Undergrad: 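I am attaching a structure below and will ask some questions about it afterwards.
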Amino acid sequence: MNSSELQRICDWLIDGTWAAQEPAVGIADFCERLVAAGLPLWRFGIFIRTLHPEVFGRNFIWRQGQGVEIGAVDFEVLETPQFARSPLRVVFEQGIEVRGRANDPDSKRFPFLGDMHAEGATDYIAVPVPFLDGSIHATSWITQRPDGFSDDDIAAIRALIAPLARISEIISLRRTAEMLLDTYVGNRAGARILGGQIRRGHNDTMQAAIWLSDLRGFTALSDRLPAETVVEILNQYFDCQVAAIRGHGGEVLKFMGDGLLAVFPIDEYVGDAAHVCARVLEAARESRASVEALAFPVGEAVERFRFGVALHVGNILYGNIGGGNRLDFTCIGPAVNLAARLEKITGRLGRTVVASEGFANVCRHDWHQLGEFPIAGFSKAQRVYGLAEEAHVQAG
C-alpha cells in the first residue's frame, strides 16, 4: 500500500464523506478502498463504547464479500469468560495493541484468534482508537494472506487510526446525543430538539391520545418501605407500562413520582384516530396484566400492586416550556388537564382503565357509562366510561 493511496484514503476520511453515509455503508466503502489500495484485508471490526444505561457498546464487522454486520452488547458481556479472554479487553483496559499471528504460540491465550485461524486467518492486530475525551475504543484487522501483514501494512493501519478516530468520535457523539435525548425526553422530542427546536416558544399543536396513570397507594408504600426499595419498585412498575406504550406507538413524556404521562400522536397515522385509540386501549390492557402479575418480595411478605390509567383524546400544545435557561419539552393544554383529573377518580370508581367521552366515542368498544362527574377547572361535568370487563372490580 503506497503512501499516496494511503494519503488519499486519510483525506477521504477527513473530508467527512463517510460521516454523511449510513455507518454500514461508510465502513464498507472504507474497507473496499483499502483493499483496492493494496491492503490485504479480509475482516475489519470497529468497536465503539457508548454512553447508554443499558448498552456497553456497538460493533461493526466487515468481511470481504459479505458486507457489514452491526451488533450491540450490553454490560453483562463484561462478566463473561469470552470477554475475559478477548484481545479487545486488553485494548480497552490497557490501551495497547494486540497482535496474533497464526504461528505464534502466544496467540493461543485468546480463543477468538483460534476461531479466526480455523477460518483461514493468518494475522490479526487489534489497535486502540483513542477519543479526545480519553476513552479508548478499538479496531481489529485480519488478513488471510499467507505471510500475514507486512511492516508497511501495519504502518498504514497505524496511520489510519487518527483520522478514523476523529470521524468515529463525531458520529459517536451525535449518536450519543440522540440516545440520551431518546432516554430522557423521548424519541420524537429528541428528534425535534436535535432538529433545532431548542428555544422557548418553539411549540406545535398536535392531536393525540393521552395516557395518564399512577400507582395506587404510593404514598403509604413510600412511608413504610426504604427509599431504595421504593425506587426499585417504581422501576419495575414503570417497566410494566413503558414497553406496552412504546410497542403501540406511544411516547413516554414524563415520570412524575409514581405518575406517567404519555402521548400517542394521531397525525402520524394520517389522522386515523380510531386506529390510534385502539392501540392505546390495547397498551392499557397489556399494562394492566403486567402490573397485576408484578410481585415484589419485601422480607417475608410479597407486595402486589394496582394502578389507574385515564385515557383521553384531544389537541395538545407540544414543545419547549420553561424559564431562564431551564426548559422542558412537554405537552400542555385542557386535554392534558382533563386526563389528569380523570386519573384521580379511577380509584374512587374501583377501575384500572377509565376513558373520557371523547375517547370512548372514537374507540368503539364495550364501554360502560360510569356517570357524570364534576371536574375541577371545567365548567361542565364530564361523562366517564369504563371497560365492561372491569365491572366486577370493587372500589378500593
Side-chain angles (χ1 to χ4, degrees), residues 207-219 237-238 240-250 252 256 258-266 269 271-294 304-316 331 333-396:
Q207 188 182 22
I210 302 160
W211 168 303
L212 220 155
S213 64
D214 76 356
L215 182 64
R216 302 268 177 82
F218 177 69
T219 301
Y237 160 68
F238 286 133
C240 293
Q241 299 177 74
V242 173
I245 290 168
R246 298 192 66 173
H248 289 283
V252 175
M256 306 161 291
D258 62 318
L260 185 155
L261 171 64
V263 293
F264 294 72
I266 291 173
Y269 292 88
D272 188 355
H275 174 72
V276 174
C277 291
R279 290 171 67 90
V280 175
L281 180 56
E282 187 57 33
R285 283 173 155 158
E286 289 180 14
S287 297
R288 181 182 62 191
S290 297
V291 172
E292 287 175 352
L294 180 61
R304 311 293 299 207
F305 308 96
R306 294 178 62 194
F307 82 119
V309 56
L311 308 177
H312 183 44
V313 61
N315 290 324
I316 61 174
C331 66
V336 179
N337 296 339
L338 178 58
R341 302 292 190 271
L342 293 181
E343 191 280 322
K344 296 303 179 186
I345 67 174
T346 56
R348 180 161 33 123
L349 297 175
R351 298 280 177 155
T352 297
V353 181
V354 300
S356 68
E357 184 173 18
F359 188 94
N361 286 341
V362 171
C363 181
R364 297 298 181 182
H365 189 70
D366 188 10
W367 297 102
H368 276 189
Q369 186 181 150
L370 303 178
E372 290 188 348
F373 297 85
I375 304 294
F378 290 81
S379 59
K380 294 177 16 178
Q382 299 291 319
R383 193 166 293 165
V384 178
Y385 291 79
L387 296 173
E389 64 211 51
E390 291 184 6
H392 67 283
V393 179
Q394 299 298 313

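Residue numbers run from 1 in the order of the sequence given. Owing to the predicted nature of the structure, the values given are computational and were not obtained by experimental measurement. Atoms considered below: every heavy atom in the structure, side chains included; atoms not considered: hydrogens, waters and symmetry mates.
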Undergrad: Which residues pass the side chain to side chain contact (heavy atoms under 4.5 Å, CB included) test with Ser287, not counting sequence neighbours?
TA: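 Trp211, Gln241, Ala244, Phe307.
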Undergrad: So, for Ala284 and Leu311, which heavy atoms are closest and what is the spacing to 0.1 Å?
TA: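 Looking at all heavy atoms of both residues, the closest pair is CB-CD1, 4.4 Å.
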Undergrad: Taking Pro374's backbone N and O only, do any of them form a donor-acceptor pair with Arg341's side chain (distance below 3.5 Å, no angle check)?
TA: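 Side chain of Arg341 to backbone of Pro374: no pair is present.
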Undergrad: Which salt bridge (Lys or Arg N to Asp or Glu O under 4.0 Å) pairs, counting each pair once, include a residue from residues 355-372, with sequence neighbours left out?
TA: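 Sorted pair list: Glu357-Arg383, Glu372-Arg383.
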Undergrad: Could you tell me which non-hydrogen atom of Ala262 sits nearest to which non-hydrogen atom of Val252, and how far apart they are?
TA: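 Answer, listing the atom of Ala262 first, then Val252: CB-CA, 4.1 Å.
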Undergrad: Quick one: pull up OH in Tyr237 and CG in Asp214 and give me the separation to the nearest 0.5 Å.
TA: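 If we round to the nearest 0.5 Å, Tyr237:OH and Asp214:CG are 6.0 Å apart.
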Undergrad: Of all heavy-atom pairs between His312 and Ala335, which one has the smallest distance, and what is that distance?
TA: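 Closest heavy-atom pair between His312 and Ala335: CD2-O, 3.3 Å.
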Undergrad: When rounded to the nearest 0.5 angstrom, what is the spacing between OG1 in Thr346 and CG in Leu370?
TA: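 The distance works out to 11.0 Å.
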Undergrad: Nearest 0.5 Å, what's the CG-CG distance between Leu215 and Leu294?
TA: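 Taking CG in Leu215 and CG in Leu294, the distance rounds to 9.0 Å.
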Undergrad: Tell me every residue that passes ring pair (Phe, Tyr, Trp, His ring centres under 6.0 Å) with His365, counting only those two or more places apart in sequence or in another chain.
TA: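 Counting only residues at least two positions away or on another chain, His365 forms a ring pair (Phe, Tyr, Trp, His ring centres under 6.0 Å) with Trp367.
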Undergrad: Who passes side chain to side chain contact (heavy atoms under 4.5 Å, CB included) against Glu282, sequence neighbours left out?
TA: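 Scan of Glu282 (side chain to side chain contact (heavy atoms under 4.5 Å, CB included), adjacent residues dropped) gives His248, Arg285, Glu286.
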Undergrad: Would you please name every residue forming a side chain to side chain contact (heavy atoms under 4.5 Å, CB included) with Ala340, sequence neighbours left out?
TA: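 Checked Ala340 against side chain to side chain contact (heavy atoms under 4.5 Å, CB included); matches are Leu212.
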Undergrad: I'd like to know if the side chain of Asp258 and the backbone of Phe218 have a donor-acceptor N/O pair within less than 3.5 Å.
TA: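 It does not hold such a pair.
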Undergrad: Do Val313 and Cys277 come close enough that some side-chain heavy atom pair is under 4.5 Å?
TA: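 When only atoms from C-beta onward are counted, Cys277 and Val313 do touch, with a gap below 4.5 Å.
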Undergrad: Scan residues 334-358 for pairs that pass ring-ring contact (aromatic ring centres under 6.0 Å, His included), counting only residues two or more places apart or in two chains.
TA: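 Matches after skipping sequence neighbours: none remain.
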Undergrad: Answer yes or no: is there a side-chain heavy-atom contact under 4.5 Å between Val276 and Gln207?
TA: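 Val276 vs Gln207: side chains apart.
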Undergrad: Sub-3.5 Å donor-acceptor pair from the side chain of Gln382 to the main-chain atoms of Ser356, do we have one?
TA: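 Here the side-chain-to-backbone pair does not exist.
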Undergrad: About how many Å separate CZ of Arg304 and CZ of Arg216, when rounded to the nearest 0.5 Å?
TA: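 Reported value, rounded in 0.5 Å steps: 15.5 Å.
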Undergrad: Please name the pair of heavy atoms, one in Ala310 and one in Glu343, separated by the smallest distance, quoted to 0.1 Å.
TA: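 Reported closest heavy-atom pair: CB-N, 3.4 Å.
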Undergrad: Where is the tightest heavy-atom contact between Ala283 and Phe264, given as atom of each residue plus distance?
TA: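 Closest approach of Ala283 to Phe264, heavy atoms only: CB-CZ, 4.5 Å.
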Undergrad: Under a 4.5 Å cut-off applied to non-hydrogen side-chain atoms, are Ile375 and Leu342 in contact?
TA: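 They are in contact (side-chain heavy atoms under 4.5 Å apart), so the answer is yes.
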Undergrad: To the nearest 0.5 Å, what is the distance between OG on Ser290 and CZ on Phe305?
TA: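 Spacing of OG (Ser290) from CZ (Phe305) equals 13.5 Å.
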Undergrad: Any idea which heavy atoms bring Val336 and Ile210 closest together, and the distance?
TA: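 It is N-CD1, 3.9 Å.
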Undergrad: Hey, could you give me the CD/NE2 distance between Glu389 and His368, rounded to the nearest 0.5 Å?
TA: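 If we round to the nearest 0.5 Å, Glu389:CD and His368:NE2 are 10.0 Å apart.
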Undergrad: Is there side-chain contact between Leu260 and Val242, with heavy atoms separated by less than 4.5 Å?
TA: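 In contact.
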